[in-house]
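Convention: sequence-line order gives letters A, B, ...; per-chain numbering from 1. Being a predicted model, the structure only gives us computed values, none of them experimental.
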Amino acid sequence: MNFSEVFKQSNQLCKVSPDGKYLATCVQYRLVIRDVNTLQILNLYTCLDQISHMEWSSDSLFILCAMYKRALVQVWSLEQPDWHCKIDEGSIGLVSSRWSPDGRHILNTTEFHLRITVWSLCTKAVSYIKYPKACQKGLDFSRDGCYMALAERRDCKDYVSIFVCDDWHLLRHFETETQDLSGLEWSPNGCVLAVWESCLEYKMSLYSLDGRLLSTYSAYEWSLGIKSVSWSPSSQFLAIGSFDEKVRILNHITWKKIAQFEHPAIIDNTKATVYKEIEKRPAVSSDEMSLHDITVASSLFSTQSKYDISPLPVQIPVVKPDPDRANPKIGVSALAFSSDSRYIATKNDNMATAVWVWDMQKLRLEAVLEQTSTIRCFQWDPRRPRLALCTGNSKLYLWSPGGCVSVQVPAEGGFQVHSLNWHCSGDSLILIGKDQLCLCYMDADQNNE
Amino acid sequence: MSPSRHNNLMSAYSLPSSKSSYSVISAFCTEDNIPQCISYINQELGSLGLAAHIQADPPGRASLNAAPALNAMYELLQIHRRSMNNVEELEKEQLKKTSTLEHMQTSNSRLKDQLELSIREKSGLHETERQLQLKLKTLQSCLKTEKDEVQKLQSIIASRASQYSHDAKRKEREAAKLKERLSQLLVDRKDKKLAIEMLNSVGRSDGKRSHWKTAKATASREAEMYKSLLSDYEASQRALMLENAELQKVLQQMKKEMMHILSPCPPLNRGGSAEESQELGDSDREERSAETSRETLDQSCEHAREQLTNSIRQQWRKLRNHVQKLDNQASLVQNQPPSNAEVIPLETHEHEVERMRLEVQQCKEFIHAQQQLLQQQLNTSFDDETAALLNGCYTLEEKERLKEEWRLFDEQKRNFEKERKNFTEAAIRLGREKRAFEEDRAAWLKHQFLSMTPFADRMRSSSSDGQSALSVKSEPEIRTSSSKAPPVKSSAYTTFSTPKSSKSAAVPSTIDVCRTLRLIPDYSSSRHSNQRRWQESSATEDEESWLKSKSKVCSSDLSIFSLDEDKNPLT
């Protein structure tokens, strides 16, 4: 495992191009394009204001830089560095900006979600979509890029509009069964749209591409409901994480629950392995701290850690959330399927130091990783069943069915890993800190403990 | 005499012991009052119901008529015996009755105690039951209150939820209005144009030109959407069909196997299961016939599927019952081994097993023995060619070795002869010298004797010098001869070192020389044999790569040489 040197970035905006060749980072108001392997700067663009959002187009030819404060969007071309494009939304403001799947249209959401403006880079044409819903996830593109589903709210009722991304033609417009739609997501095969309610009610509705209601699923009443949703890459399963600390798996044939994964505080009677991160502090001679020692403080205070397999029964530390506050820190807030749909990783918010990995073939718990601090981010390798996670310290943790390992990110001055992104080939990881980033290149062989 | 007086007398002497003395009887009846006594006795007999026939005989005299008296006595004795028996019986009965009475009393008291105890227990249990009832009542009331509370809370939640949704809707409408107003204001404002500035238009990602929006285009979009949906459905349906076919196959296989297990009735099956197997056989035959006809039909037909699942269920039930029956039978056999004669009892089974094990053991041993014998045979009997060859090789090797050894032996013999010659020469010389010395001595003594002069000292010293010169001379010779022998035996050295000491020791030195001379051949022979042994050992080391028979030959050689060594007292 090799680590690159640390580069500056701002706003955690570091993205690898979809073809995997380039790495784009934003430093204040500059956009820096590097080659992924050599990390040489290939291009440097300057925007008019601090960049709030940056996105690659799907063909890796253009990059969008949005500046929300100025309601500006600038588009840069990789092939022609001289080419420039600026979109000014004016006083209507800008809240979010994104590419369309064909890489030639930009969708800007105005302030207060008044409307969505669709700018075409081919024809300079503009179209408007009215009444978009301001919710957690109101807009989703299907994976093949053909269709876009948009949640709308008119007259206190929820609707879903399905557009054809080619020409922005409205294919279907139907009312949903929800009281307050919170999010929608296409299945990876693009035939089913999952629509779920806000957390006040547990209700998941499934609509087919042509707008028919296929099924609804409600696990219980009254308590807080759905917190997170994830489709398996094979479209066979829909995982729903809820506030009752359980994950329910629906199957695509009957849309009924086939499995329920629970997150108990005491793990017992299971064949899973529980990995516990143990920190080994190096011995510090407290009295004789010479100047040399203090200057080398970073390496002195950086603690080594390793994983130990804990024997069952194991108690996971639980933090009880404040019952008076809204959006309590309880329930399954993060779900991720591995690329082969074999595993699913979950995080329960009141056991925020543990990641649970479940085996979908056997429908049982496979492993639990207990860390020393709260888990910030985890992501599966896009090619193989390997999970990378970070907890905000200077270490990178990797789990695979063979075992797990903790790697210290070698960087002077202490590099805290806040989030991470896999390269699309699965050969490298981008580790993003507060205002730094570092690349980690994996070896060809698997990392095992 | 009056009967009262008789009674008094009787009471006074009313200790009817068996040894009633003659004096007691004589007190009642004396010579004077015989008739009165007779009459009295007759009276008594009459009162007892016996024949009162005692008479004096002859009357008025003191003698009695013997026969009636004896009869009366005999009857009295009978009566007495009977009454004694009665008394005994009555005593026995009384004892029995007292014991039963005691027993009854004790059991009575015990039962009374038990009764008390159980009454106390009953009251205790009543008490606990009452308490539990109370507890149950309180819990039930608690449960009811909780249920009521839950319902109340649920209704509260429902009402609050409706209230909130109403409020939210109201606020949402307000917000929508505000948004409308805001968008109007913002959109209508022309001061800041929203615009897009581009250096030049970018081509479409797929390189084609854009199309007009026509009805045909919309229709084609719809068609595309439906096509994609349909293809997805078809794919899933195909997958499901495959899965279905596989599962059906598995079910069919299971059914076949179950039928196979159940229908060919195993011989250990007995009793009631015989009819069952008969039934099974019938049903299976029916099943089979039905199956063959059904196989031609489409398996996906609902009816066929139902039939299949039903038949599977049936077969499974039969199998389960069968297994249960077997389990029961096995448990029965375990509990009562000899009862069921048809069951192979456990003991005979075990006997059989033991017997078979022994047989196996014996066979194994037999095989072992055979193997060993065969091995031996193989070792000794090669086929002629190789045997001859090998033998030839062995003999050749042996011949070589022997030649070598003979050579060495000859060499040593020659050396030995040389030494012996030397020794004999030395011995001869020594003998001559000895003779000379003796002569000298004799001469000297003569001389001494003849001339007892004060010059005797001078003479002695000169002769002693000569003596020492002799010994000195002989020493180095002997020493050199001894040095030729290899320095293994230290005794040889010691024998040679002694001649230094004194003239008296010179005599033993010759003896020693002779001994050593005798020894040396033995010694040299032992040396020879040692050498041979060394050679042998080296040879055997070389020969270890050869077959066993060779080593046997070598060992036989060794044995030949060891025989020689045995003669040697030193080794």
Testing the basics here: between B:Y233 and A:S208, what is the closest heavy-atom pair and its distance to 0.1 Å?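 Heavy atoms of B:Y233 and A:S208 come nearest at OH-CB, 4.3 Å.
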
Tell me, for [X] versus chain A, whether the close heavy atoms (under 4.5 Å) come from the side chain, the backbone, both or neither.
X      : value
B:Y226 : side chain
B:L240 : side chain
B:A158 : both

Does A:D140 reach the main-chain N or O of A:L150 with its side chain, forming a donor-acceptor pair under 3.5 Å? no

So, B:K318 side chain and B:R313 main chain: donor-acceptor pair closer than 3.5 Å or not?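 Between the backbone of B:R313 and the side chain of B:K318 there is no qualifying donor-acceptor contact (under 3.5 Å).
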
When you check the gap from the basic side-chain N to the acidic O, do A:D155 and A:K157 get nearer than 4.0 Å?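 No, no charged N to carboxylate O under 4.0 Å.
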
At a 4.5 Å cut-off on heavy atoms, which part of [X] comes close to chain B: side chain, backbone, both, or neither?
X      : answer
A:L170 : neither
A:N189 : side chain
A:R154 : neither

Taking A:E111 as the fixed residue, which of A:L94, A:V95, A:I92 is the one that meets the side-chain contact (heavy atoms from CB on, under 4.5 Å) rule?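 Only one of A:L94, A:V95, A:I92 forms a side-chain contact (heavy atoms from CB on, under 4.5 Å) with A:E111, namely A:V95.
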
